[in-house]
J.: 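Let me begin by handing over the structure; questions about it come next.
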Amino acid sequence: MSSLEAAAGYKPSRTLPIWAEARRQASRRRTQLALGFMVLLPLIILAAFEFGGGGGPDEDGDGGGAFSSMADLATSGGLNFALFGLAVSAGFLLVVVVALFFGDTVASEASWGSLRYLLAVPVPRARLLGVKLTVAAAYSLVALLLLTGTGLLIGTLRYGWSPLGSTIAAEIPPAEGVLRLLGILAYLATTLLVVAGLAFLLSVLTDAALGAVGGAVLLWILSSILDQIEALGSIRNALPTHYTDAWMGLLSTPVQTEDLAKGAIAAVVYATLFWGIAFYRFTRKDITS
């Protein structure tokens with residue numbers, strides 16, 4: 001009778017609370033190191049500017065480029081310093097951090113042999129994935145906010161509060177510059193959904209967390225390389241990395257939104273596809289670890 005009562009009172013929505021998973025992930029060393037480095041990186045960049053000699057691209061005579069021009073602007077104010085931190089991190093560091101949070105979440109449980117015990121609690125498989133996906137997304141967003149917020153804070157303290165500089169248009173007033181910076185942050189977060197979806201899918205397919213994280217990063221790099229091959233023509237438009245630099249359109253006046261919209265739509269479609277496959281596969285696979 002007690003077992004029947006327990007079964008009758010069983011509510012899947014009460015298993016594996018999100019706060020419990022968030023607390024578990026917060027206690028993990030990889031979470032602490034990843035978030036800690038998001039705070040440390042702007043300090044490293046600041047030290048590089050302070051003690052690196054201050055040589056710019058014009059002094060080297062190499063003509064620089066977009067990132068070299070941003071480096072020149074980075075010391076002109078807090079907004080520009082935060083923007084530079086995002087720009088240099090977007091291509092690789094943020095990809096690794098997001099892949100770490102999403103790729104390690106399920107595969108690590110399998111490698112530890114605790115996944116089958118979680119499902120035996122019993123936690124419904126779809127809820128298990130949903131909770132882990134939500135927590136991974138939350139920590140990824142916290143990492144982005146820490147990087148941007150720390151860069152904005154120390155950049156403002158060191159270089160003051162000034163308009164947001166642009167290499168392709170006139171300076172943007174500080175109040176509007178904050179909105180533009182938030183827009184860039186939102187767009188980067190959206191494009192990183194592709195990495196999140198791919199890493200999460202690989203985490204479901206393998207018991208090796210390192211394989212899921214590394215696989216997602218390597219496939220992202222491969223897409224970036226293929227995107228540089230002009231011989232591929234319009235095929236490049238379908239690559240998930242094709243519109244990763246479209247955030248620069250937010251620095252122009254007026255804002256260039258066409259590529260931003262295409263990049264955001266493509267990222268959501270890719271992420272939804274990868275997450276859909278992950279849920280489909282996980283809810284039907286035999287869990288032996």
Side-chain angles (χ1 to χ4, degrees), residues 16 21-22 24-38 89-120 123 125-144 188-189 191-227 238-242 244 266-289:
L16 192 61
E21 177 65 17
R24 285 183 66 225
Q25 297 301 324
S27 66
R28 297 192 56 188
R29 185 60 56 87
R30 59 94 161 148
T31 302
Q32 298 165 1
L33 290 176
L35 296 182
F37 191 74
M38 292 297 98
S89 304
F92 184 73
L93 176 62
L94 292 179
V95 172
V96 173
V97 170
V98 171
L100 179 65
F101 283 129
F102 282 88
D104 185 64
T105 182
V106 178
S108 61
E109 297 283 2
S111 64
W112 296 335
S114 57
L115 184 57
R116 56 183 173 181
Y117 296 109
L118 277 174
L119 296 176
V123 180
R125 295 191 180 197
R127 176 168 178 79
L128 175 69
L129 284 191
V131 168
K132 288 189 171 293
L133 187 63
T134 300
V135 172
Y139 277 114
S140 297
L141 181 59
V142 168
L144 280 168
L188 288 176
T191 58
L192 287 170
L193 288 177
V194 179
V195 181
L198 183 56
F200 195 72
L201 173 59
L202 293 176
S203 184
V204 168
L205 297 178
T206 180
D207 292 348
L210 183 59
V213 175
V217 174
L218 288 176
L219 289 173
W220 182 264
I221 293 174
L222 176 61
S223 176
S224 299
I225 293 173
L226 292 175
D227 190 46
L239 294 172
T241 56
H242 185 69
T244 51
V268 171
V269 169
Y270 271 113
T272 302
L273 175 63
F274 292 145
W275 286 332
I277 296 173
F279 272 80
Y280 179 85
R281 179 71 181 89
F282 188 75
T283 54
R284 286 163 175 79
K285 69 181 292 189
D286 292 331
I287 305 298
T288 58
S289 56

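Please read all numbers here as calculations on a predicted model, not as lab measurements. We're numbering straight along the sequence, starting at 1.
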J.: How are the rings of F200 and F279 set relative to one another: parallel (under 30°), tilted (30 to 60°) or perpendicular (over 60°)?
T.: tilted
J.: Should R28 and D104 be marked as a side chain to side chain contact (heavy atoms under 4.5 Å, CB included) after you check the CA-CA gap, both sets of side-chain angles, and the distance that decides it?
T.: CA-CA 11 Å; R28 297 192 56 188; D104 185 64; 2.6 Å; yes
J.: Could you tell me which residues satisfy side chain to side chain contact (heavy atoms under 4.5 Å, CB included) with I221, sequence neighbours excluded, listed by chain and number?
T.: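 For I221 the side chain to side chain contact (heavy atoms under 4.5 Å, CB included) partners, ignoring immediate neighbours, are F92, V217, I225.
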J.: Donor-acceptor pair, distance only, cut-off 3.5 Å: does the side chain of S140 make one with the backbone of A136?
T.: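 Checked: pair present.
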J.: Show the nearest heavy-atom pair for residues V135 and E21, with the distance to one decimal.
T.: CG2-CG, 3.6 Å
J.: Around L210, counting heavy atoms of other residues, nucleotides and ligands shown, do more than 12 lie under 6.0 Å from its CG?
T.: no
J.: Is there any side-chain hydrogen bond (donor to acceptor under 3.5 Å, both in side chains) pair reaching into residues 208-227, and which pairs are they, with sequence neighbours excluded?
T.: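 Listed once each, the pairs are S223-T241, D227-H242.
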J.: So which heavy atom on L193 is nearest to which on V268, and how close?
T.: CD1-CG2, 4.5 Å
J.: Mind listing the closest non-hydrogen atom pair of A216 and A99 along with its distance?
T.: CB-CB, 4.2 Å
J.: Please give me the minimum heavy-atom distance between A143 and V97, naming the atom from each residue.
T.: CB-CG1, 4.0 Å
J.: Between the side chain of Q25 and the main-chain N/O of T31, is any donor-acceptor distance below 3.5 Å?
T.: no
J.: One pair to check against side chain to side chain contact (heavy atoms under 4.5 Å, CB included): L35 and F101. What are the steps and the verdict?
T.: CA-CA 11 Å; L35 296 182; F101 283 129; 4.2 Å; yes
J.: Step by step, work out the side chain to side chain contact (heavy atoms under 4.5 Å, CB included) result for W275 and L129.
T.: CA-CA 10 Å; W275 286 332; L129 284 191; over 6 Å; no
J.: With sequence neighbours excluded, tell me which residues meet side chain to side chain contact (heavy atoms under 4.5 Å, CB included) with L192.
T.: L94, V95, V98, L144, V195
J.: Heavy atoms only: give me the nearest A107-S203 pair and the separation to one decimal.
T.: N-OG, 2.7 Å
J.: Going by side-chain contact (heavy atoms from CB on, under 4.5 Å), F102 matches just one of L201, L198, L133. Which one?
T.: L133
J.: Measure from the side-chain N and O atoms of T283 to the backbone N and O of R125, and report whether any donor-acceptor pair falls under 3.5 Å.
T.: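 A pair under 3.5 Å: no.
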J.: Check whether any side-chain heavy atom of L205 lies under 4.5 Å from a side-chain heavy atom of F282, and answer yes or no.
T.: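 When only atoms from C-beta onward are counted, F282 and L205 do not touch, as no gap falls below 4.5 Å.
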J.: Taking T191 for the side chain and L188 for the main chain, is one N or O donor matched with an acceptor at less than 3.5 Å?
T.: yes
J.: For the CZ atom of R30 and the CG atom of L100, what is their distance to the nearest 0.5 Å?
T.: 5.5 Å
